[in-house]
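Below, chains carry the letters A, B, ... as their sequence lines are ordered, and counting in each starts from 1.
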Amino acid sequence: MDKTYQPEKIENQWYQTWEERGYFAPKGEGDPFCIMIPPPNVTGSLHMGHAFQHTLMDALIRHRRMKGDNTLWQVGSDHAGIATQMVVERNLANDEGKTRHDLGREGFLDKVWEWKEQSGGTITSQMRRLGTSVDWDHERFTMDDGFYKAVQEVFVQLHDEGLIYRGKRLVNWDPKLHTAISDLEVENVEENGHFWHFRYPLMNGQTTTEGKDYLVVATTRPETMLGDTAVAVNPEDERYQHLIGSSVRLPLVNREIPVVADEHADPTMGSGCVKITPAHDFNDYAVGQRQKLTLINILTPDAAIRETAEVFNADGTPNHEVDGSMPAAYAGLNRFDARERILADLEAEGLLHQTEKHTLKVPRGDRSGLIIEPLLTDQWFVATKPLAEPAIKAVENGDIRFVPEQYANMYFAWMREIQEWCISRQLWWGHRIPAWYDAEGNVYVGRNEAEVRDKYSLSADLSLEQDEDVLDTWFSSALWTFGTLGWPEDTERLRTFHPTSVLVTGFDIIFFWVARMIMMTLQFMKDEDGTPQVPFKDVYVTGLIRDEHGDKMSKSKGNVLDPMDMIDGISCEDLVAKRTANLMQPQLAEKIAKNTRKEFPEGIQPHGTDALRFTLAALASTGRDINWDMKRLEGYRNFCNKLWNAARYVLMNTEGEDCGVGSEPIELSLADRWILSRLQTCIEETNSHFDQYRFDRIAHTVYEFLWNEYCDWYLELSKPVLYDDNETPERKRGTRRTLVQVLETVLRLAHPLMPFITEEIWQRVAPLAGVSGETVMLQPYPEPNPDLKDAEAESDAEWVKGVVEAVRNIRGEMNISPAKALPVLCRNGQERDRKRLEANRTFLASLAKAESIEWLDGQEAPLSATQLVGDMEVLVPMANLIDKDEEIARLSKEVEKLDKEITRLDGKLSNDGFIQKAPEEVVEKERHKLQDARNHRERLDDQLEKIRAL
RNA sequence: AGGACCGUAGCUCAGUUGGUUAGAGCGCUGCCUUGACAUGGCAGAGGUCGGUGGUUCGAAUCCACUCGGUCCUACCA
């Protein structure tokens, strides 16, 4: 073995072997255990969040696979409608200077598929690099024919049950992407703006109670006034009672619009009058529906002012009575220019009453960044309320469990206020809506045109056009758990693996994805007796990986870390180049480059996959934010090196030797029995942490055992046995056997977190431990063996460690070289101390580097430095070695500590309440502590006196 | 406005149902290249657990209030 751990030499090769040998596929027996991968964007690349979640999923899968379950980790990717279409459109513009319209729908879709072929392999090869043991043979893509079948089936069934419908509604419209988006895809950002107060003249000589001949309305969006169809006042508002039913003249347009009474108007805000623009504001739309107001759409799909407005009745049917003509001055202006012109014109007419500054929440599209426009369009919707009800119950009654459970609150809050879901998108890339129209606009829904004709008894010569729109990507990903397993076919995989076991995902997509998956699955997946199936039993919700300052990693901030760079390393300049390439705002490049050079002057060293995975697991605590820490990564890379070198030591001392797994007799030392006992605890804890999804504790438990117990103590304790010619062959065999068996077990224990290094070492260690098999991946996961628990060995070993530490402490505090052998004296102990001393002389001599260890029976001790182990004093004679003042200082420090302790315990024990009310065992424990502390104090005092007397 | 989460060592974070001397990694100080490992070993320094009040024999842990930070949902004519 190499002297240092070099991950790049082992990782790729093992992954290839595993994949070739088919280890990742379900083995077909055992309890089913299934995880559905949250499908990454097919054209994306692996980011830290993926690396994090994939690590945890892989750990779960490998754990259960080793436990003997029939495990399936279903892999696949998502077509990511808007995101992908945007990328391809941008490439098209950059490379050929063309738009998608130049190519036409078919031509453009060919381009998208081309792009998918070209870039789709990026993320899968990165996943392989990360060691993910997914079932590649059944990889799925949401645009697969089979998956499309599932999408169509769901659409048609929901439609036929009346849960999907089409209608003219106000939706969130992205004027750049030219599509509707759901309310979840809108980000409300606080921005500076204004309130503009307008005067709308009253008609027919009416006046307000104050004698004014106009009403004042305020708006943050003046341009919408062109589409106003009413002014609302509160029905309780006395100021305006007499005006309800009268009219105002809409300025600029000169349309007569009514004053209506509606609760929406808040008498305490502004003038108490509200302009109502039902076609351009969600609240006003609701007012319009209540008051049966006309809808006047003044905007084009680009959000520019129309030449002539579109007019509809409240029910969405075209209205031919109201004149839609608009002032010519604004036609074609974009909404911002139109705003300026309208303000100027109103001011010129003396109708701009007041202007005030105001901060408001501006809705922006999460993809385009543009201000979203509420726009009246024909769209498809899912009636979510009936679907939400069982979905809420499934979590309430525990069929689905959120981990950590506080995320259930988030889920409930959203589900109980759920809005209808707009599922149509005016895009080309996606699942085309299975609906057809005749020339009169009648809608027919079916799986294909032929079925539609049959279903609706349409004549063969009736010409039908399929709906141009596609479905929201989340509509298809909502079917992920069962669509990937073959539904609507009744497949073996579906029967075996659905409901799935656990979903691992981020809290940021609970609404987008988790909630919708639950709704859809309960609706479509039923047991044979008709009971709805949940998509998964547990939802393990992860935090979000942020940079070391707690900022979200983003391209525009230039703080993105690529998991592949953690693994393979990257030079400073390459990292700068990567971070500054393809920026949306190129002016940021300089700052990003500067910060990057400052933070990573040496670039990033390679750390290997196992170190990255171990770090991610160790960071996976229950918090919502997880700050990345490069130092942690280094620490766990060192841990890998530690494991590597421990294995090197074990192999050096066992290969070619009798490791006691045959028939030769063996004898176990105290150290052997101790480490085997500790190992059982480690196994117990690891398994229990796995059951609770506490990956941080798994990592900690394994780390602690391997480094602080196995390496720091056990390997050192094995040396005196192996290196001493006087030791019996039985004892040597016992030690060798323990060395290899414990290591082999730890390798299995750690394998789910660090698959590569464990496999590499296991291959060499397993035969020595008498274990055969092709791979550690398919070995049984360790289970604790109660027979190996040995309380006596543990307490004896603690005693040995105590004596060693006592001598080391004296050494350390006195600055005595570890190379210098010291004479050690013991006295005042009990019989048990003597026995322990006699039984463990060689261990003590070796670990404490003691030249001699003598028991003092009444003889006068030479002046010494002292440490206490229980009642026993451990003395190191001072002759020439130890400085008097330093020893006084050291002992005084100890005494001070003890005094504090004594005061604290004394206070506690002289409290009657404590004595009476605390459990007897707690009181007893405290009494013991006090007794011990007093004894120690006394001994140290004696010692101090002697040294001072010198 | 409603809700959630966070505040523990210089930094990043653990701390399971209230009972240890409050822990880890990194950083820091001192000694050491001893035949697995300097990506290392040994020893050590460092915290009145955001604040106040309460419940309790006992609070980092439970309750109330409060300060600071993050986020989600809703609304703002």
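Scanning atom types as modelled, no donor and acceptor separated by under 3.5 angstrom connect the side chain of A:Arg694 and the base of B:rU16.
Under the Watson-Crick or G-U wobble criterion, with both distances below 3.5 Å, B:rU20 has no partner in any strand shown.
Of all heavy-atom pairs spanning A:Phe198 and A:Pro222, the tightest one is CZ-CB, 3.5 Å.
Of all nucleotides listed (B:rC5, B:rU39, B:rG35), B:rC5 comes nearest to the side chain of A:Gln406. Comparing B:rC57, B:rA14, B:rG44 against the side chain of A:Asp696 picks out B:rA14 as the nearest. Ranking B:rA38, B:rG19, B:rC32 by closeness to the A:Lys3 side chain, first place goes to B:rA38. Distance from the side chain of A:Asn911 is smallest to B:rC57 among B:rC57, B:rA36, B:rG44. The side chain of A:Ala646 approaches B:rA36 more closely than any other nucleotide in the set B:rA36, B:rC42, B:rU39. Distances were taken from every side-chain heavy atom of A:Arg637 (C-beta onward) to each of B:rA43, B:rU39, B:rU12; the shortest belongs to B:rU39. Residue A:Glu805 has its side chain nearest to B:rA43 when only B:rU12, B:rC57, B:rA43 are considered.
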Subject >> Annotated protein contacts, base or backbone, on nucleotides 20-30 of chain B with a non-hydrogen cut-off under 4.0 Å, one of B, S, - each >> reply: SS---SS---S
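Among the protein residues, A:Lys642 comes within range of the nucleic acid bases, having at least one heavy atom under 4.0 Å from a base atom. Nucleic acid contact for A:Asp712: sugar-phosphate only, since backbone atoms but no base atoms lie under 4.0 Å from a heavy atom of the residue. Using a 4.0 Å heavy-atom criterion, one finds that A:Cys640 contacts no nucleic acid atom at all. Residue A:Glu716 is in base contact, counting any heavy-atom pair closer than 4.0 Å across all strands shown.
Taking the ring axis of A:Tyr649 as reference, the NZ or CZ atom of A:Lys719 stays within 45° of it and closer than 6.0 Å to the ring centre.
A donor atom on one side chain and an acceptor atom on the other are not found under 3.5 Å apart for A:Asp691 and A:Asn687.
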**OP:** Carefully, step by step, assess A:Asp629 and A:Lys631 under the rule salt bridge (charged side-chain N to carboxylate O under 4.0 Å, His left out).
**Re:** CA-CA 5 Å; A:Asp629 185 353; A:Lys631 295 289 188 188; over 6 Å; no
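OP1 or OP2 of B:rG15 sits under 4.0 Å from a side-chain N or O of A:Arg697. A:Ser621 has no side-chain polar atom (N or O) that falls below the 4.0 Å cut-off from OP1 or OP2 of B:rC13. Dashed line: the shortest gap from a side-chain N or O of A:Lys917 to OP1 or OP2 of B:rG19 is not under 4.0 Å. Of the side-chain N and O atoms in A:Asn809, none sit less than 4.0 angstrom from OP1 or OP2 of B:rC42.
The distance from the CE atom of A:Met630 to the CG atom of A:Asp547 is 11.5 Å, given to the nearest 0.5 Å. Atom CG in A:Leu722 sits 10.0 Å away from atom CG in A:Leu715 (nearest 0.5 Å).
A salt bridge is absent between A:Glu187 and A:Arg364; no separation between the charged side-chain nitrogens and carboxylate oxygens falls under 4.0 Å.
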Please list each protein N or O that sits under 3.5 Å from an N or O in nucleotides 73-75 of chain B, with the distance.
unit_1: B:rA74; atom_1: N6; unit_2: A:Lys361; atom_2: NZ; d: 3.3
unit_1: B:rC75; atom_1: N4; unit_2: A:Lys361; atom_2: NZ; d: 3.1

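Classified by interplanar angle (parallel below 30°, tilted 30° to 60°, perpendicular above 60°), the ring pair A:Phe695/A:Phe690 is perpendicular.
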